[in-house]
> 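Let me give you the structure first, and then I'll get to my questions.
Just so you know, residue 1 is the first one in the sequence shown, and it goes up from there.
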Amino acid sequence: MRKLSLKIFIGVCVIILIIIGIMLCPYFYIKKINITGNGIVSREDILKTSGLDSPDVNLYAFNSFSAEENLLKNPYIGSVSFQRTFPDTL
């Protein structure tokens with residue numbers, strides 16, 4: 001029983017380390033952002049409001065729910081959707 005608990009603990013630690021490695025890996029930083037269907041709000045305003053104006057945003061760590069909430073506060077924006085294309089496009 002003790003060996004099984006140790007194996008489970010080591011397995012969980014390995015999974016956590018892999019997730020942290022992916023979150024910190026620059027390979028998954030967002031390098032390309034495609035904005036479509038926009039005619040009124042400037043690209044810069046959209047990027048700033050959504051939190052995408054920073055150069056080191058990880059595709060996995062990007063909080064699309066929070067960005068959507070912030071963007072929908074603008075009266076000129078009717079709907080928002082995000083599509084991730086791996087490894088570096090949003």
> Val57 and Tyr60: same hydrophobic cluster, using ILVMFWY side-chain contacts below 4.5 Å?
yes

> Which atom pairs, donor and acceptor, lie under 3.5 Å between side-chain atoms of residues 41-53 and protein residues at least two apart or in another chain?
from, atom 1, to, atom 2, distance (Å)
Ser42, OG, Asp45, N, 3.2
Ser42, OG, Asp45, OD2, 3.2
Arg43, NH1, Ile33, O, 3.2
Arg43, NH2, Ile33, O, 3.0
Thr49, OG1, Asp45, O, 2.7
Ser50, OG, Ile46, O, 2.8
Ser50, OG, Leu47, O, 3.2

> Would you kindly confirm whether Ile16 and Leu24 end up in one hydrophobic cluster when ILVMFWY residues are joined by side chain heavy atoms under 4.5 Å apart?
yes

> Tabulate below the donor-acceptor pairs under 3.5 Å that side-chain atoms of residues 80-90 make, not counting sequence neighbours, or state none.
from, atom 1, to, atom 2, distance (Å)
Arg84, NE, Leu59, O, 3.0
Arg84, NH2, Phe62, O, 2.7

> Starting from Ile22, can I reach Tyr27 by hopping between I/L/V/M/F/W/Y residues whose side chains sit under 4.5 Å apart?
yes

> Using the rule that Ile, Leu, Val, Met, Phe, Trp and Tyr join whenever any side-chain heavy atoms are under 4.5 Å apart, tell me whether Ile15 and Leu6 fall into a single cluster.
yes

> Would Leu72 end up clustered with Ile40 when hydrophobic side chains under 4.5 Å apart are linked, directly or stepwise?
yes

> Quick check for you: to the nearest 0.5 Å, what is the distance between Ile10 atom CD1 and Ser5 atom OG?
11.0 Å

